[in-house]
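Just below is one structure, and these are the notes that go with it.
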Amino acid sequence: MVLPALLSRALAQPAAATIPLPDPRGQTLLLQSVDRADYGPLAEQFLTQANLAYCGVASMVMVLNSLAVPAPAAAGYGSYRFWTQENVFEAAATRAVLSPEVVARQGMTLQELGDLLVSHGLQARAIHGDRLSLPQFRLLVRSNLSQSRDRLLVNYDRKALGQAGGGHISPLAAYNAATDRVLILDVARYRYPSVWVPLADLWQAIRTTDRSSGRSRGVVVVRRI
């Protein structure tokens with residue numbers, strides 16, 4: 001059979017290698033994944049970040065739309081209402097956390113990402129990577145991605161995954177237990193495709209220090225209240 005053969009080749013890849021989702025191996029990993037409840041809702045709302053610093057904003061908008069959080073009108077779309085990387089900052093409570101001008105200049109920290117999501121009426125829990133053991137992180141990923149009522153955003157250092165760049169934020173969409181890999185829907189689509197990465201490598205990447213906050217990076221667990 002074709003799928004088992006492709007999966008065997010994926011398993012044979014070096015542990016540290018990322019596997020692009022568009023690659024046949026990446027597609028096979030998705031098809032073989034059991035914990036992928038978030039993939040469909042997030043893929044339908046997939047965005048490219050609007051500028052170099054908006055990875056957190058694009059990720060936040062994907063989460064809001066995929067969880068069907070009531071949205072304001074979108075400029076240029078008449079009466080249609082959905083979240084965009086512009087109107088997500090319209091609420092005074094959101095701008096009180098962080099303004100779009102500040103984000104465009106310096107991005108956002110893990111806690112600021114959580115606070116921005118809370119400003120939209122969501123339950124958001126920021127967990128710093130140095131507070132999670134590898135088994136705890138695996139359990140969190142699997143439990144979150146096995147059902148569709150919540151989302152999981154990761155703040156990680158690209159270098160720990162063998163990529164160029166520094167801190168980045170994107171949603172997680174699926175977990176493949178056979179290879180212990182997790183799928184990152186990378187919102188910097190002009191730079192990298194969505195990729196499957198070893199969960200242990202991502203765990204190391206969220207434990208790196210964010211120089212803006214002086215604390216480790218980590219994850220934000222998001223739910224509608």
Which value, rounded to the nearest 0.5 Å, describes the distance between Ser213 atom OG and Gln111 atom CD? 9.5 Å
Backbone N or O of Arg138 within a donor-acceptor pair of the Trp203 side chain at under 3.5 Å? no
Working to the nearest 0.5 angstrom, can you tell me the gap between Arg131 CZ and Gln136 CD? 11.5 Å
Under the criterion side chain to side chain contact (heavy atoms under 4.5 Å, CB included), I'd like the reasoning laid out for Ile169 against Leu113: C-alpha separation, chi angles, the key distance, then a yes or no. CA-CA 9 Å; Ile169 296 169; Leu113 174 61; 3.9 Å; yes
Cluster question for you: counting only ILVMFWY and a side-chain heavy-atom cut-off of under 4.5 Å, with indirect links fine, are Leu116 and Val102 together? yes
Determine the minimum heavy-atom distance between Arg149 and Leu67, stating which atoms define it. O-CD2, 3.9 Å
Donor-acceptor contact present, side-chain Arg223 to main-chain Gln123, <3.5 Å: no
Would Asp186 and Arg158 satisfy salt bridge (charged side-chain N to carboxylate O under 4.0 Å, His left out), going step by step from the backbone distance to the final call? CA-CA 11 Å; Asp186 196 330; Arg158 285 192 182 277; 2.9 Å; yes
State whether the side chain of Ser216 and the backbone N or O of Asp130 hold a donor-acceptor pair below 3.5 Å, judged by distance alone. yes
Are the side chain of Thr28 and the backbone N or O of Pro24 linked by a donor-acceptor pair below 3.5 Å? yes
With no hydrogens and no angle check, is any side-chain donor or acceptor of Asp157 less than 3.5 Å from a backbone partner on Thr208? no
Reported OG-to-CG distance for the pair Ser212 and Leu110, which is rounded to 0.5 angstrom: 12.0 Å
Answer with yes or no whether the hydrophobic clustering places Leu140 together with Ile184; edges join I, L, V, M, F, W, Y residues whose side-chain heavy atoms lie under 4.5 Å apart. yes
Which heavy atom in Arg181 sits nearest to a heavy atom in Pro198, and how many Å separate them? NH1-CD, 3.4 Å
Please report the shortest heavy-atom distance between Ala164 and Tyr192, naming the atom on each side. N-OH, 2.8 Å
So how far is it from Leu139 CG to Asn144 CG, rounded to the nearest 0.5 Å? 11.0 Å
Short side-chain to backbone donor-acceptor contact, Trp196 and Gly26, under 3.5 Å: yes
Main-chain N/O of Asn155 paired with Arg217 side-chain donor or acceptor, under 3.5 Å: no
Might you confirm whether atom CZ of Arg125 has over 12 heavy atoms from other residues, nucleotides or ligands at distances under 6.0 Å? no
Do Val61 and Thr84 come within less than 4.5 Å of each other through their side chains, counting heavy atoms only? no
Between Arg207 (side chain) and Leu132 (backbone), is there a donor-acceptor pair under 3.5 Å? yes
Does the pair Phe46 and Ser194 meet the rule for a side chain to side chain contact (heavy atoms under 4.5 Å, CB included), with working shown? CA-CA 11 Å; Phe46 204 1; Ser194 296; 3.5 Å; yes
Looking at Val187, Val154, Leu161, which hits side chain to side chain contact (heavy atoms under 4.5 Å, CB included) with His168? Val187
Applying side chain to side chain contact (heavy atoms under 4.5 Å, CB included) to Leu134 and Leu199, what does each step give before you reach the verdict? CA-CA 9 Å; Leu134 180 57; Leu199 184 129; 3.5 Å; yes
Taking the side chain as every heavy atom from C-beta outward, state whether Pro72 and Trp83 have any atom pair closer than 4.5 Å. yes
Can you give me the closest heavy-atom contact between Pro20 and Pro193, atom names plus distance? CB-CG, 3.9 Å
Indicate the atoms forming the closest heavy-atom contact of Leu47 with Met62, along with that distance. N-SD, 3.7 Å
Under a 4.5 Å cut-off applied to non-hydrogen side-chain atoms, are Leu30 and Leu21 in contact? yes
Hydrophobic clusters here meaning ILVMFWY residues chained together by side-chain heavy-atom distances under 4.5 Å, can you tell me if Val221 and Leu202 are in one? yes
Can you measure from CZ (Phe137) to CD (Gln204) and round to the nearest 0.5 angstrom? 10.5 Å
Any link between Val63 and Val69 through a network of hydrophobic side chains (Ile, Leu, Val, Met, Phe, Trp, Tyr) touching at under 4.5 Å? yes
Around atom OH of Tyr190, are there more than 12 heavy atoms of other residues, nucleotides or ligands at under 6.0 Å? yes
Pair Ile19, Val195 - check side chain to side chain contact (heavy atoms under 4.5 Å, CB included), show working. CA-CA 5 Å; Ile19 299 176; Val195 290; over 6 Å; no
Within a 6.0 Å radius of atom CD on Glu101, are there more than 12 heavy atoms belonging to other residues, nucleotides or ligands? yes
Is Val118 reachable from Val88 through a run of hydrophobic residues whose side-chain heavy atoms are each under 4.5 Å from the next? no
Report yes or no: does Asn51 contribute a side-chain atom to a donor-acceptor pair with the main-chain N or O of Tyr54 at less than 3.5 Å? yes
Would you say that Pro100 contacts Arg95 through its side chain, given a criterion of any heavy-atom pair below 4.5 Å between the two side chains? yes
Sub-4.5 Å side-chain heavy-atom contact between Leu185 and Ser170: no
Any donor-acceptor pair under 3.5 Å linking the side chain of Gln49 with the backbone of Leu52? yes
Over 12 non-hydrogen atoms of neighbours within 6.0 angstrom of CZ in Arg189: yes
Minimal heavy-atom distance between Arg151 and Ser66, with the atoms involved, is NE-OG, 2.8 Å
Can you tell me how far apart OG (Ser59) and CG (Leu152) are? Round to the nearest 0.5 Å. 11.0 Å
